[in-house]
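Input: a single structure, listed below in structure tokens.
Quick note on labels: first sequence line is chain A, next is B, and so on, each numbered from 1. No hydrogens, no waters, no symmetry mates; every other heavy atom, side chains included, goes into these values.
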Protein chains: 2
Amino acid sequence: MTALEQYISSYFGVPEEDVAAISSYFKPQQLRKQEYYLKAGQVCDTLSFQHSGLTRFFVQLPEKEVTQWIGTPAYFMTDLNGLMFGKPSRWSIQALEDCELFTIHKKDYLALGEQMPAWHELEKKFIARCFTYMEDRVFNLLAMSAEQRYQWLFGQHPALFNQVPLQFLASMLGMTPETLSRIRKKQLM
Amino acid sequence: MTALEQYISSYFGVPEEDVAAISSYFKPQQLRKQEYYLKAGQVCDTLSFQHSGLTRFFVQLPEKEVTQWIGTPAYFMTDLNGLMFGKPSRWSIQALEDCELFTIHKKDYLALGEQMPAWHELEKKFIARCFTYMEDRVFNLLAMSAEQRYQWLFGQHPALFNQVPLQFLASMLGMTPETLSRIRKKQLM
DNA sequence: GTAACTTCTTGATTTTTGTCAAGAAAAGGA
DNA sequence: TCCTTTTCTTGACAAAAATCAAGAAGTTAC
């Protein structure tokens, strides 16, 4: 089994022949550090599995830049607004370091849905998980203080704080870099 | 066409015979004011179309209560964590006023997926839209001030502010009732 | 290795938002 | 209708987080 096949198998829990069929649609792609996977305003027409490297989803506002998400290995990357609804993206996706991806283009993505009966259901469940994760994020932003949000993210992905510039994590947590710095200082004392 | 059929048709854009097939699975259900559709800790095993009335999704914390969402007519209501993954709900769903629902139970919901080939794809797209909406909500909470968030919600659903106790809307917007009250006063001047 | 650049930390200060408390307004029930 | 209960508003104050500014630490490129 290739790395991609293992990922697909663990995600979707489908028979091995389906795993092979699905993964055959995905093609290797390199992304160099700083390179863009997608630029704001473009219509995203790919879906990628992130095998290695880190990516950043961000929105450029007139006054500031907002990091919506950090893409990490073993997760999928796309802009659903583009892939599913043909709408332009509000954010850019940029590589924070060199990345190895497995990418499927929209044409093949649609073919996959037609040729593999179970695909829509698998994808539905996958997107549903993403939705419930977003529900959690909204809840955290509604109910928790900056410090509690930090602890939540640190509890889930401690390694991120050594890999990603802290200013991006601060933004993703809904606080300024200064606030994150002070929270982290307090944790040490 | 019944009201339910019209809703399904407008949501999913499917042929009329499919609309009839889908809607035949949904049964009318009444919910009295204050009654619970779901209580925190229960596993949600229904999916309902909200024909009339308003509902509130909220989490009861030791110190405070957090309103995550207000359910309005012409939208679906469920807890995906329960319906799709069999997990207990973190929030309760309660009727703010008498509600008329069309409800499908999990058993029939699963049957629908098996008997109607297009169902999973329709549902996938529907959940994907919910996901992109949650992306917007997260972005708003990350990037906007309390006042901007108010204006955003008011721009989308001005009528809500006459129908729902403002304390619930304040919570859903991530602010206190006092802050919302002051923002609304400022809008008038 | 060093210069240039980026990122992080720290302090002082301001702004935003939350908390507490009391009264006003509105809604609901007998 | 009037009484009770809930919801909303307002003011005074406190706390949380943002802003501004400067310097330290860390990275990167030559």
Side-chain angles (χ1 to χ4, degrees), chain A residues 32-35 53-54 56 58 60-67 70 94-98 139-154 158-189, chain B residues 32-35 53-54 56 58 60-67 70 94-98 139-154 158-189:
Chain A
R32 292 287 172 76
K33 182 170 180 168
Q34 306 276 37
E35 202 178 330
L54 294 164
R56 183 168 76 102
F58 68 96
Q60 186 66 59
L61 298 178
E63 342 78 71
K64 60 180 171 182
E65 199 185 84
V66 178
T67 295
I70 301 291
Q94 190 181 20
L96 289 171
E97 42 188 65
D98 291 354
F139 175 77
N140 289 351
L141 288 164
L142 293 182
M144 291 183 182
S145 67
E147 186 168 344
Q148 290 172 312
R149 297 198 299 274
Y150 164 74
Q151 285 170 337
W152 181 78
L153 183 61
F154 188 81
L160 263 194
F161 290 81
N162 296 318
Q163 297 170 326
V164 176
L166 296 175
Q167 52 177 323
F168 299 150
L169 298 178
S171 178
M172 191 175 120
L173 286 167
M175 65 186 78
T176 60
E178 292 94 332
T179 297
L180 178 59
S181 179
R182 291 184 179 107
I183 287 171
R184 283 166 62 80
K185 187 181 183 188
K186 216 164 81 180
Q187 304 293 317
L188 299 173
M189 304 195 294
Chain B
R32 291 288 174 74
K33 182 171 180 170
Q34 305 276 37
E35 202 178 331
L54 295 163
R56 184 168 74 102
F58 67 96
Q60 187 65 60
L61 298 179
E63 343 77 70
K64 60 178 170 181
E65 198 186 85
V66 179
T67 296
I70 301 291
Q94 189 180 21
L96 288 171
E97 42 188 65
D98 291 355
F139 175 78
N140 289 350
L141 288 163
L142 294 182
M144 292 183 182
S145 67
E147 186 169 344
Q148 290 172 313
R149 296 197 301 275
Y150 164 74
Q151 286 170 336
W152 180 78
L153 183 61
F154 188 80
L160 263 194
F161 290 81
N162 297 318
Q163 298 170 324
V164 176
L166 296 175
Q167 52 178 322
F168 299 150
L169 298 178
S171 178
M172 192 176 118
L173 286 166
M175 65 186 79
T176 60
E178 292 94 334
T179 296
L180 178 58
S181 180
R182 291 185 178 108
I183 287 171
R184 282 167 62 81
K185 186 182 182 186
K186 216 164 83 181
Q187 304 292 316
L188 300 172
M189 302 193 297

Review point. Which nucleotide in the list dT9(C), dT17(C), dA17(D) gets nearest to the side chain of Ala146(A)?
Key: dA17(D)
Review point. Between Arg56(B) and Phe168(B), is there a donor-acceptor pair closer than 3.5 Å when you use the side chain of the first and the backbone of the second?
Key: no
Exercise for review: Please examine the side chains of Leu166(B) and Arg184(B), heavy atoms only from C-beta on, and report whether any two atoms are closer than 4.5 Å.
Suggested key: yes
**Study point:** Residue-level proximity of residues 162-174 of chain B to DNA chain C when a heavy atom falls under 4.0 Å
**Key:** Gly174(B)
Exercise for review: Taking all non-hydrogen atoms of both residues into account, name the closest pair between Leu173(A) and Tyr150(A) and its distance.
Suggested key: CD1-CA, 4.1 Å
Check your understanding: Can you find a side chain N or O atom of Lys64(A) that sits less than 4.0 Å from OP1 or OP2 on dA18(D)?
Key -> no
**Study point:** 5′-ward residue of the pair Arg149(A)/Arg184(B) relative to DNA chain D
**Key:** Arg184(B)
Point to revise | Heavy-atom pair of closest approach, residues Lys64(A) and Leu142(B) | key: NZ-O, 4.3 Å
**Study point:** Chi angles and distances behind the side-chain contact (heavy atoms from CB on, under 4.5 Å) call for Arg149(B), Leu153(B)
**Key:** CA-CA 6 Å; Arg149(B) 296 197 301 275; Leu153(B) 183 61; over 6 Å; no
Review point. Just to confirm, is there a sub-4.0 Å distance from OP1 or OP2 of dA18(D) to any side-chain nitrogen or oxygen of Thr179(A)?
Key: yes
Point to revise | Length of the CD-C1' vector between Glu63(A) and dA18(D), whole Å | key: 14 Å
Check your understanding: What is the nucleic acid contact for Arg182(A), judged by heavy atoms within less than 4.0 Å: base, sugar-phosphate only, or nothing?
Key -> base
Point to revise | Separation of atom NZ in Lys185(A) from atom C1' in dC8(C), rounded to whole Å | key: 12 Å
Exercise for review: Could you state the atom-to-atom distance from CG of Leu180(A) to P of dT10(C) in whole Å?
Suggested key: 12 Å
Exercise for review: Return the value, rounded to whole Å, for the distance between atom NZ of Lys186(A) and atom P of dT10(C).
Suggested key: 14 Å
Point to revise | Rounded distance in Å - CD (Gln34(B)) to P (dG28(C)) | key: 10 Å
Practice item. Of all the heavy-atom pairs spanning Glu65(A) and Ser171(A), show the shortest one and how long it is. Key: O-OG, 3.8 Å
Review point. Taking CD from Gln148(A) and P from dA16(D), how many angstroms apart are they, rounded to a whole number?
Key: 11 Å
**Study point:** 5' priority, DNA chain C, between Ile183(B) and Lys33(B) [closest heavy atom]
**Key:** Ile183(B)
Review point. Nearest-Å distance, OH (Tyr150(A)) to P (dC8(C))?
Key: 13 Å
Review point. Is the backbone of Arg32(B) close enough, under 3.5 Å, to the side chain of Asp98(B) for a donor and an acceptor to pair up by distance?
Key: no
Exercise for review: Go through the N and O atoms of the side chain of Glu178(B) and the base of dC8(D), and report whether any donor-acceptor pair is under 3.5 Å.
Suggested key: no
Practice item. Rounded to the nearest angstrom, tell me the gap between atom CG in Leu141(A) and atom C1' in dT17(C). Key: 16 Å
